[in-house]
Q: 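Sharing a structure with you now.
Heavy atoms only: backbone and side chains are in, while hydrogens, waters and symmetry mates are out.
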Amino acid sequence: MTLARQLIGLRKNALAAKIDKSPTAVAAYENNTKRPAPATVAQLCLTLGVDPGFFLPGPHQSTATDSVPHFRSLRSTTQLARDQAFAYGVISGDVGAALERHVEFPEPNLPRLSVDVEDESSTLPEEAARLLREHWGIDSGPVGHLVRLAENNGVVVVFSPTQTAAVDAYSFDDGYRPTVVLNPAKEDYYRQRFDVAHELGHLVMHVDAEPGSKVVENQAHRFAAELLLPENELRDLLPSKADWRVLAALKETYGASLQALLYRSRALGVMGDVTYRNAVAYLSSKGWRRREPGEMPAVEQPSLYSKAVEILSGVGMDELSLAKESRVTPGIFRTVTSRSPVIEDLFIEPQKMENLDGVIPLFASKSDQPGA
């Protein structure tokens with residue numbers, strides 16, 4: 001019930017008003033301290049756009065309280081937006097668990113190295129990145145397709161719906177699989193790679209840490225920098241001055257942005273603070289902070305779920321039946337399992353759907369579809 005409410009962006013008091021119950025009653029339903037009457041269940045289904053079966057244990061029996069997601073900035077997004085984004089992430093786990101009834105995914109293979117979130121001077125973030133490189137057998141030199149590497153080691157990577165683009169990339173581990181949810185609007189190969197590395201840092205270092213603090217985010221940044229741009233390889237390659245040709249060559253080789261390379265050069269003490277500030281000012285003057293020069297490679301695409309759907313379709317299991325088994329609509333199923341962002345309005349309140357031809361509630365079963 002909490003997931004269904006959060007996914008369409010309703011607060012408890014708003015849901016209470018729609019079903020003519022008190023906010024206290026809604027809280028009791030969600031806390032499982034009070035069982036709603038059958039008529040109330042029917043009204044909840046109508047309001048939230050779910051089948052009654054959605055309230056039963058799902059494919060991986062997770063709830064939104066199992067884990068605290070690591071959002072990049074807690075100040076720039078509302079709690080409602082974060083709840084909606086996280087609910088989508090949990091639902092993506094339901095899709096994955098349903099697919100795993102039929103196909104075998106790689107086992108989660110993430111090392112853990114807890115880092116003191118109060119210690120800003122610890123070198124553990126860099127040690128954690130080196131641990132991950134060793135654990136995953138990453139040879140010296142540039143990291144290849146990072147999304148594929150994560151998926152091969154049992155990490156789920158999905159794009160969020162375009163409606164949650166205000167929320168940056170985020171990650172969580174809810175007991176099903178460690179999950180990274182990518183921002184669909186970024187469309188920047190270099191920044192997305194850094195996002196994935198950043199979120200892997202949270203999954204390795206911050207499983208039990210309170211998210212969102214400046215120290216926690218800085219630790220994940222340092223992890224990502226060491227993972228993509230190892231100190232022992234880059235220290236002698238990075239220029240002490242803003243040599244844009246050298247930086248452009250390193251950008252292409254290591255799959256990291258000019259801004260990341262400049263920051264890394266300063267962090268390693270290769271480039272001085274004044275030189276760094278002047279270089280960043282030059283980037284800004286050229287408009288390169290928004291779009292850097294040079295050809296932009298296509299963003300790395302997840303394939304774990306999409307490949308599973310492809311395999312199952314080859315043995316007669318179509319998308320609609322898999323969506324029904326996952327207890328989500330075809331629209332959400334397509335978004336979760338897509339290799340690239342899907343532009344589809346997933347979060348329309350059921351009451352607002354009556355004039356939209358062909359639109360079905362968020363979690364309706366196949367039998368609820370028009371003409372079924």
Side-chain angles (χ1 to χ4, degrees), residues 70-77 120 125-126 129 141-147 159 165-171 180 182-202 212-301 341:
H70 284 277
F71 290 109
R72 192 66 52 85
S73 175
L74 299 184
R75 293 183 178 180
S76 61
T77 53
E120 298 186 55
E126 288 78 16
V143 178
H145 196 301
L146 188 55
V147 168
F159 283 105
V167 178
D168 213 333
Y170 59 99
S171 58
V180 174
L182 297 176
N183 187 310
K186 192 154 283 191
E187 297 182 345
D188 188 308
Y189 168 83
Y190 302 99
R191 291 178 179 174
Q192 181 186 284
R193 273 172 60 85
F194 198 89
D195 281 351
V196 174
H198 178 104
E199 298 308 326
L200 288 173
H202 284 313
S213 76
K214 183 176 290 188
V215 175
V216 165
E217 289 303 302
N218 186 51
Q219 288 174 343
H221 277 313
R222 289 167 52 193
F223 176 100
E226 178 64 25
L227 182 66
L228 297 175
L229 305 167
E231 178 180 0
N232 65 345
E233 298 177 27
L234 269 292
R235 180 178 286 280
D236 294 335
L237 300 178
L238 288 166
S240 59
K241 304 296 182 182
D243 188 328
W244 299 108
R245 289 187 179 182
V246 172
L247 289 167
L250 290 173
K251 170 183 175 176
E252 183 175 346
T253 300
Y254 281 86
S257 67
L258 294 175
Q259 295 180 70
L261 287 162
L262 287 172
Y263 187 88
R264 188 63 168 154
S265 185
R266 185 186 65 164
L268 295 179
V270 176
M271 184 176 289
D273 288 345
V274 174
T275 303
Y276 170 78
R277 287 196 295 270
N278 289 338
V280 171
Y282 184 79
L283 278 174
S284 297
S285 70
K286 291 290 188 178
W288 293 351
R289 298 195 73 174
R290 293 187 300 274
R291 183 78 174 187
E292 293 188 356
E295 185 177 347
M296 177 68 70
V299 296
E300 295 180 353
Q301 297 179 336

Q: In terms of ring plane angle, is the pair His198 and His202 parallel, tilted or perpendicular, where the classes change at 30° and 60°?
A: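 The arrangement is perpendicular - the two ring planes meet at more than 60°.
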Q: Can you find a heavy atom in the side chain of Arg193 that is under 4.5 Å from one in the side chain of Leu228?
A: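 In short, these two side chains touch, coming nearer than 4.5 Å.
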Q: Determine whether more than 12 heavy atoms belonging to other residues, nucleotides or ligands lie under 6.0 Å from atom OH of Tyr263.
A: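 No, because the 6.0 Å sphere around OH of Tyr263 holds 12 heavy atoms or fewer from other groups.
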Q: Before accepting this row, confirm whether a basic side-chain N of the pair Arg264/Glu226 lies closer than 4.0 Å to the acidic partner's carboxylate O.
A: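 A salt bridge links Arg264 with Glu226.
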Q: If you apply the rule side chain to side chain contact (heavy atoms under 4.5 Å, CB included), what do you find for Lys251 with Leu247, and how did you get there?
A: CA-CA 6 Å; Lys251 170 183 175 176; Leu247 289 167; over 6 Å; no
Q: Considering all heavy atoms of both residues, which atom of Arg289 and which atom of Ser284 are nearest to each other, and what is their separation?
A: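 Taking every non-hydrogen atom into account, CD-OG, 2.8 Å.
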Q: Write down the atom of Tyr190, the atom of Glu295, and the distance for their closest heavy-atom approach.
A: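 Minimum heavy-atom contact is OH-O, 4.1 Å.
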Q: Measuring only between side-chain heavy atoms, which start at C-beta, is Tyr254 closer than 4.5 Å to Leu234?
A: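 With C-beta onward as the side chain, the pair touches.
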Q: Please find the pair of heavy atoms, one from Glu187 and one from Met296, that lie closest to each other, and give the distance.
A: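 Looks like O-CG, 4.5 Å.
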Q: Of all heavy-atom pairs between Leu258 and Pro293, which one has the smallest distance, and what is that distance?
A: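 Closest pair (atom of Leu258, atom of Pro293, distance): CD1-CD, 4.1 Å.
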Q: So, does Ser285 use its side chain to make a donor-acceptor pair with the main chain of Tyr282 at under 3.5 Å?
A: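 Side chain of Ser285 to backbone of Tyr282: a pair is present.
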Q: Output the distance between atom CD (Gln192) and atom CG (Leu146), rounded to the nearest 0.5 Å.
A: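 That separation rounds to 9.0 Å.
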Q: Taking Leu200's backbone N and O only, do any of them form a donor-acceptor pair with Ser171's side chain (distance below 3.5 Å, no angle check)?
A: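 Flag not set: sc Ser171 to bb Leu200 has no pair under 3.5 Å.
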Q: Is the CD atom of Glu252 crowded by more than 12 outside heavy atoms at less than 6.0 Å?
A: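 No, CD of Glu252 has 12 or fewer neighbouring heavy atoms, counting only those of other groups under 6.0 Å.
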